[in-house]
Amino acid sequence: MVSNTQTTKTISLDNYGIKNAKVQYQLSPEQLHEITIAKGQGEEASSGALAINTGEFTGRSPKDRFIVKDDITNDRVWWGNINIPFDSDQFEKLYQKVTSYLSGKEVFVRDSYACADANYKLNIRVINEYPWSNMFAYNMFLRPSEEELKTFTPEWTVINAPGFMADPEVDGTRQHNFAILDFTRKIALIGGTGYTGEIKKGIFSALNFILPVFKNTLPMHCSSNVGEEGDTAIFFGLSGTGKTTLSADPNRRLIGDDEHGWTNENTVFNFEGGCYAKVINLSEENEPDIFRAIKKGAILENVVLDSNNNVDFEDVSITQNTRVSYPIYHIDNIQEPSIGKNPKNIFFLTADAFGVLPPISKLTPSQAAYHFISGYTAKVAGTEAGVVEPTPNFSACFGAPFMPLHPTKYAEMLSRKMKESGVNVWLVNTGWTGGPYGIGTRMKLKYTRAMINAVLNGDLGLYNYDDYHIHSVFGVAQPRTCPGVPTEVLSPRATWNDDQAYYTMAFKLSNAFRENFKKFESYASEEIRRGGPQRYAF
Ligand code: ATP
Ligand code: MN
């Protein structure tokens, strides 16, 4: 394990209102790993990774995520059920309750930063109630050198108290857990939930406001990697669509797996210093890079261990959202620092459980803008009694829960950058083929990888009319052949063996797109609207 964070520096938390705390400042991941086990809060898996349970919450809680409404945010934030306003005085009171809760306790503090590009660096101090949460911060944020640490001044502070329960009546929260961003005080206040993703997505949400508003830079919910020729690719997509999986490619250097900025200096940079991968059904064969990153230094969340402390990746008895976090250097082939040039290719990943979108298709600039604003993926139904209807899930910019501004703000920036850079945009369905969820099967990972490789190697140029077919419902350009992929897989209709059923489902989905897009219609130009499906069921 690399851990250049041993320090003799000591700090006091008095000025935060955290009094008489036993401050554990900047402990190494090894120390945090040991302390977690000594406290009975985790176990060492046979791989050497630390296995912990996040408690009541095993995922983020979007309904309990608030933004303080103040002079900075009032006129800028797109308020609603995604960005829920929180009163500033109420925040002050809750802040005092949380800090007095942490007073007198052992508290783990870590100085770190976000944004790999020095021009955008955001210094962050993370204050955790639990040692494993602090180790998560070590894994996920960027790690200052010893030299940088000497003069480190935090700009944003994350205060993370999973054991603190809010009283909704008094505290103005919805229930006992909350994640609140205050842009004036520059604090992310998280309580009542131990889910670590709230920590990283809290800072992501802050950057999604700060970068476009103050730095003219586009923040993106995407992964990114770069090839031998210095050609950058980025992969947008909602949770579970394959950002982390597909960006881990042994032949390309990983820039990052989840959060990036696209600057006006024609660069793309990672916000983070680590990865946070889903591990459901993980196998060394399918995902060797991620599998091998799970070693000492990694933190497994909510997995089940057998009597030999081997992880059973198939066991979802705690949650489907089992995860591992690890510092990016656990991946062999990485770009250092995590910065690439303007992307040459952009992939929009969608896990279409209707099984109707082509596994890969090329988008026109209008279609790219339309699909970015739509942000489509699908949720699969639960496992109850034969109910297999998937539901469409639209999330603007492929990350609405983390976007404080109106989606069109990000979409306009992306459209402009796509035009200026002449980037190619592809829609990739990593979801179902041969029928919808329940009838068809998930697209084979090796085929998806082959399609992406074909694009990256320039083997899917689609220069001649004979190279592709325009999808009759969605209007996207579907390649007819692709190296490494059976030809029939490229046409979703052909995989169904039932044209009528296929088109019925395709219209169901195109109608869902139309319905969802209504709320953006008045903002969208004619050019963007033209990028939508070509046909609907009436
Ligand atoms: P999050 O935003 O929550 O981090 P993500 O976009 O990074 O989500 P992944 O962690 O990559 O999503 O999850 C994709 C999941 O789908 C993995 O478990 C992967 O094994 C599985 N999968 C199955 N088939 C495919 C496919 N064809 N392409 C990509 N992923 C696939
Ligand atoms: Mn991911």
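Position 1 is the first residue of the sequence, and the numbers go up from there. Numbering of ligands and ligand atoms starts at 1, following listing order. Note that the structure is predicted; figures quoted are calculated from it, not measured.
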Proximal ligand 1 atoms for [X], defined as those under 4.0 Å from one of its heavy atoms:
X	answer
Leu238	6 (O)
Lys278	3 (O), 10 (O), 13 (O)
Thr241	6 (O), 12 (O)
Asp258	2 (O)

Is Pro359 close to Val428 at the side-chain level, that is, under 4.5 Å between some pair of heavy atoms?
no

Do Met451 and Leu490 have side-chain heavy atoms sitting under 4.5 Å apart?
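They are in contact (side-chain heavy atoms under 4.5 Å apart), so the answer is yes.
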
Out of Arg442, Met443, Lys446, Lys444, who gets a non-hydrogen atom closest to atom 31 (C) of ligand 1?
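Residue with the shortest heavy-atom distance to the ligand atom: Arg442.
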
Tell me whether Thr244 has at least one N, O or S atom under 2.8 Å from the Mn ion (ligand 2).
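So Thr244 does bind the Mn ion (ligand 2) by this criterion.
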
Quick one: does [X] get an N or O within less than 3.5 Å of an N or O on ligand 1?
X	answer
Gly240	yes
Gly237	no
Glu287	yes
Asp257	no
Leu246	no

Over 60° means perpendicular and under 30° means parallel, so classify the ring planes of [Y] and [X], tilted if in between.
X	Y	result
Phe520	His406	perpendicular
Tyr130	Trp132	parallel
Phe236	Phe398	tilted
Phe209	Phe183	tilted
Phe394	Phe513	perpendicular
His176	Phe57	tilted

For [atom], which protein heavy atom lies nearest, and how many Å away is it?
atom	answer
atom 26 (C) of ligand 1	Leu445 CD1, 3.6 Å
atom 17 (C) of ligand 1	Thr245 OG1, 3.6 Å
atom 2 (O) of ligand 1	Lys243 NZ, 2.7 Å

Between Arg60 and ligand 1, which residue portion shows a heavy-atom distance shorter than 4.0 Å: side chain, backbone, both, or neither?
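Arg60 to ligand 1: no contact under 4.0 Å from either part.
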
Below 4.0 Å, non-hydrogen atoms only: which portion of Thr448 touches ligand 1? Side chain, backbone, both or neither.
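The part of Thr448 near ligand 1 is the side chain, not the backbone.
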
For Arg323, is the nearest heavy atom under 4.0 Å from an atom of ligand 1?
yes

Ignoring hydrogens and angles, state whether a donor on the side chain of Thr244 or Asp257 is under 3.5 Å from an acceptor on the partner side chain.
yes

Would Phe269 and Tyr120 count as a close aromatic pair, with their ring centres under 6.0 Å?
yes

If you count the non-hydrogen atoms of other residues, nucleotides and ligands that lie under 6.0 Å from CG in Asp499, is the total more than 12?
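Yes, enclosed.
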
